[in-house]
Each structure stands twice: as structure tokens, then as C-alpha cells.
Protein chains: 2
Amino acid sequence: MRLVIARCSVDYIGRLTAHLPLATRLLLVKADGSVSVHADDRAYKPLNWMSPPCRLEEQLDDGSGTWTVTNKAGEQLIITIDEVLHDHAHELGVDPGLQKDGVEAELQRLLALHVETFGQGWTLVRREYPTAIGPVDLLCRDADGKVVAVEIKRRGEIDGVEQLTRYLELLNRDPLLAPVKGVFAAQEIKPQAKVLAQDRGIDCVTVDYAVLKGTDDPTQRLF
Amino acid sequence: MRLVIARCSVDYIGRLTAHLPLATRLLLVKADGSVSVHADDRAYKPLNWMSPPCRLEEQLDDGSGTWTVTNKAGEQLIITIDEVLHDHAHELGVDPGLQKDGVEAELQRLLALHVETFGQGWTLVRREYPTAIGPVDLLCRDADGKVVAVEIKRRGEIDGVEQLTRYLELLNRDPLLAPVKGVFAAQEIKPQAKVLAQDRGIDCVTVDYAVLKGTDDPTQRLF
DNA sequence: CCGTAAATGTCGTCG
DNA sequence: CGACGACGTTTACGG
């Protein structure tokens, strides 16, 4: 990893064209070949960058000069360097990598254990019920024995309603299942998604993750 | 901007939980308060980070110690530092910012100016025509006076066709507008999107941004 | 500040 | 290699 602080201007010509006027910035060159240009704000996102695989060509005359970064698609990041204020390289080695523990999978697991969240007398037919266009998160039966397809998202947006709609269309072609109702479940459901769901006859359920987790965790129980 | 190379392990507790085993990494502290942890790969994306606004607390004993970064939501990034190999700070000042060209907004602006791109005699009714489920990019009339809804994307994919389909369904409920036709315009349209659009009776138009821009820019005109 | 759509999205997985 | 969905999406824009 190489860290360069330099006064520079930058041009990107690729999927779009972009220009950065002369200013002092951080140029970050990683071992994977990527180059990114950071200002002192905008959180972790660089002002400009080139993702690997790409090639960095340096043309330097006494500190000032030009970096040209090119990828296979012919996109170019051109960094015109006026003055180098700091230039430091360091070997980091391979990173052991990140261990993540996601929320959506957990949400599905908890709801599968507690389908009564959707209504009294509900039972789980199957989690990840397979169809030709992908698995339905939960297939249930309500108290009347009617089949219900449940789509679970952490954040409920319009795309999720579309996805559930496609599943319902497919499931309703199966005479053994039809008529199949739909439930859209998420920690938070956007107004637009609610409108579309209602328009399609799909019920929306907002799920409280903490409560659900509490239901699952004996140490969290109130009684 | 502060650049620290350190042997560290990292834990994030927030929207998910994540852990990074001990290794040498770059810790990037920006003037906006953000902290990000970079390995020597994964392009510009950090392994872990905290976005501003947040607060960094340092507890150090002879180089080793703990950084605790907290935001308002109570999310925490905890960096346990084993050894600091490099620590360098630099004043960058405010960045003049990025000038972009060629994004969807630009494409929409140009097409609004040149609806004849879609056909002779076409007129613009309104840009960003409002509906209950969001604004239609362009509402036009063709040479016969028929209403046409135009959805514009930089890259035309299935989602865009779905979006336009929803608009058409809604607009066609309005007896003052119906029947409304659809046009899907993009610099590049994926085959799948074309197939779906055709199936829905939606016309596809591939737009040449350079030509359109040339039409707009007198200095670029050939005649 | 909330809601919505775009993004050089990026990053996995799976066919 | 391309399509599809998730992302701690992030970011910009408009009400």
C-alpha cells in the first residue's frame, strides 16, 4: 500500500467523464492495483478511483508529473501531480478477512420459528420453498388453511413487492396451492412499497427485530 | 487527514456485527470525523468504517491501545491496536469538488430538449411528470397527439422496464390520458430488458449520448 | 428532516 | 462471463 499526499488535478474518462480541479488530496495505491483519490471528507468514498484490474503508469519529472491509470475497458483516470507532499509505502500482507453476521438471514430464521407473528393459528409449510424463479422465503398456511407466501426483507421497498408478485403469479398457477395470498414482511416498509402492495392485494407486516429476538432468547423474556 | 498504519483487530457492532482478526492495516481518519479501516485489496472499499457524524475516543498506552468510534445511533467501531507502524497527519483543506458529466440527469435534460429523437412531430408535455408512485421522466405526445411515457436510464435493465410498466398501468387509469404508450430510452439496453419491454408493448430507444450532446452543443455541430 | 431514485454503485452467488 | 439480489449500500435531490 502506497500513500501519497499531493497537490493534483484529476480527470476520469470512462462510464462518465469527471474532473477535479487542483487541490491537495490523498492518493491511495493498493496492492490489488486500485488507485483512489480522497479528499478530507465524504466518509470513505473517494472523489475518484479506478478499480482493479488496472494498470498505473507514472510519468514524473522532479516530483510533478502525471499518473495514468487504465483498465481493460479503456477507462482512464489521469492524475496530474503538481507537487508531492508525502510519499510512503508499506507492506501489509494478505488480510485474514471479514467475518459478518447478517440481519436478513436471522430475521428469516426467527420468523420461521414464530409464524404466529403473522396471525394466530398460522403454520409453516416450508422455509425457502423452491419455485422455478427462486425460493419463496416462507410458505405458510393461515388459520383457515389457506396458503400464504411470505417475502422477508430487512428494508421493504418496491423491488421486494415486485419479487413477491412474481412468486404469487407462479404459485397461483398451481391448482394444488391456489389461491395463494401474499405477505410482505420487513423491519421497515417504505410508503411507496405499501401503496403498491395494497394495490396488489398483498398484506404488509412490520416486524420488530428486537421483540422477535427477545421471543427467541430465553434470557430476554419478561416472564 | 490522519494516516495510521497499525497492527490491529477490529469489531463493528451496529446494523450487523463484524470482526476482523489481528493484521496490519491502514486506519484513515478524515477531517469530517469518519474512520475507515483498509486492507491492501478490495479496491477503494474499507473493510470496516464509521461514517460521520461520529466521535473517536483514543485510549493509548505506549502505542498500543483502543480506538472507540461511536455514532448517534449507538453503532460502534472498536479498533484494538497492537502496534503503530506509521502515524502521519496532513492538512488538506476543503476540496473544490467533483464535476460530473454523462449521468442520467444530463441524459434526461438533453432528451427533454430533443424529444424529436423519439420521432418527428413529438412534443414534450412535462419533464418529471408526477404520479402517486413517483415521477415519470418525460411525458410526451407523439405526432398523432397520443400520450407517451418515457423512462430514461443510463443503462437499461429489467428494473427500468418494471418501473415504466407501473407508471403506464397508473396513467392508463386516467381517462384524460389513456391510452398511454411507453418508451424505454437508454444509452445501452440489456437483451433481457428488450425482451420484457417488447412483451409489454413498450418501445426501446437506444440513445447516443455523444450525438445528443453534439446536437446540444453548437461547437460540436458538423454543419 | 424524510422519502425517493441514481450510482463510475460494489460485491457476492449462481447458472 | 453475465444476470440477479443484497448492501452497515452511499449519495444527491426535492418536498
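The chains referred to below are lettered A, B, ... by the order of the sequence lines, with proteins before strands, and numbering in each begins at 1. Here the structure is a predicted model, which is why all the values come from computation and not from measurement.
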[N] OP1/OP2 closer than 4.0 Å to side-chain N/O of [X]:
X: A:Lys190; N: C:dT4; result: no
X: A:Arg166; N: D:dG5; result: yes
X: A:Gln192; N: C:dA5; result: yes
X: B:Lys45; N: C:dC11; result: no
X: B:Arg15; N: D:dT10; result: yes

Sticking with atom [atom1], work out how far [N] lies from [M], rounded to a whole angstrom.
N: D:dG8; M: D:dC4; atom1: P; answer: 22 Å
N: D:dC7; M: C:dA7; atom1: C1'; answer: 13 Å
N: D:dA12; M: C:dT10; atom1: P; answer: 15 Å

Heavy-atom nearest nucleotide on DNA chain D taken for B:Asp159 and for A:Lys72; more 5' hit belongs to A:Lys72
Between [N] ([atom2]) and [X] ([atom1]): distance, integer Å:
X: B:Lys100; N: D:dA12; atom1: NZ; atom2: C1'; value: 9 Å
X: A:Glu106; N: D:dA6; atom1: CD; atom2: P; value: 17 Å
X: B:Asp137; N: D:dG14; atom1: CG; atom2: P; value: 13 Å
X: A:Leu196; N: C:dT4; atom1: CG; atom2: C1'; value: 14 Å
X: A:Gln108; N: D:dG5; atom1: CD; atom2: C1'; value: 14 Å
X: B:Arg155; N: D:dC4; atom1: CZ; atom2: C1'; value: 13 Å
X: A:Ile189; N: C:dT4; atom1: CD1; atom2: C1'; value: 17 Å
X: A:Lys194; N: C:dT4; atom1: NZ; atom2: P; value: 11 Å

Q.
If you count heavy atoms of other groups shown closer than 6.0 angstrom to CD of A:Glu128, is the number above 12?
A. yes
Around atom CD of B:Gln99, are there more than 12 heavy atoms from other residues, nucleotides or ligands closer than 6.0 Å?
yes
Q | Donor-acceptor side-chain pairing of B:Tyr209 and B:Asp101 below 3.5 angstrom | A | yes
Comparing nearest nucleotides in DNA chain C, the 5'-proximal residue of the pair A:Trp49, A:Ile158 is A:Ile158
Comparing nearest nucleotides in DNA chain C, the 5'-proximal residue of the pair A:Glu75, B:Gly134 is B:Gly134
Nearest to the side chain of [X] - [options]?
X: A:Lys153; options: D:dG5, D:dG8, C:dT8; answer: D:dG5
X: B:Pro191; options: D:dA3, C:dA6, C:dT4; answer: D:dA3
X: B:Asn48; options: C:dA6, C:dA5, D:dG8; answer: D:dG8
X: A:Leu16; options: C:dT8, C:dT10, D:dT10; answer: C:dT8
X: B:Glu104; options: C:dA6, C:dT8, C:dC11; answer: C:dA6
X: B:Gln163; options: D:dA3, C:dT10, C:dA6; answer: C:dA6

Select base, sugar-phosphate, or nothing to describe what [X] touches, counting heavy atoms under 4.0 Å on all strands.
X: B:Leu47; value: nothing
X: B:Met50; value: base
X: B:Tyr12; value: base

- Query: Between the main-chain N or O of B:Ala18 and the side-chain N or O of A:Lys100, is there a donor-acceptor pair closer than 3.5 Å?
  - Reply: no
Answer yes or no: is there a donor N or O on one side and an acceptor on the other, between the side chain of B:Asp32 and the main chain of B:Pro52, under 3.5 Å?
-> no
List the steps and the verdict of side-chain contact (heavy atoms from CB on, under 4.5 Å) for A:Asp159 and A:Lys153.
CA-CA 10 Å; A:Asp159 279 6; A:Lys153 297 280 180 215; over 6 Å; no
Q.
Do B:Glu188 and B:Lys190 have side chains that approach each other closer than 4.5 Å (heavy atoms only, starting at C-beta)?
A. yes
Under a 3.5 Å limit on both distances, the Watson-Crick or wobble mate of D:dA3 is C:dT13
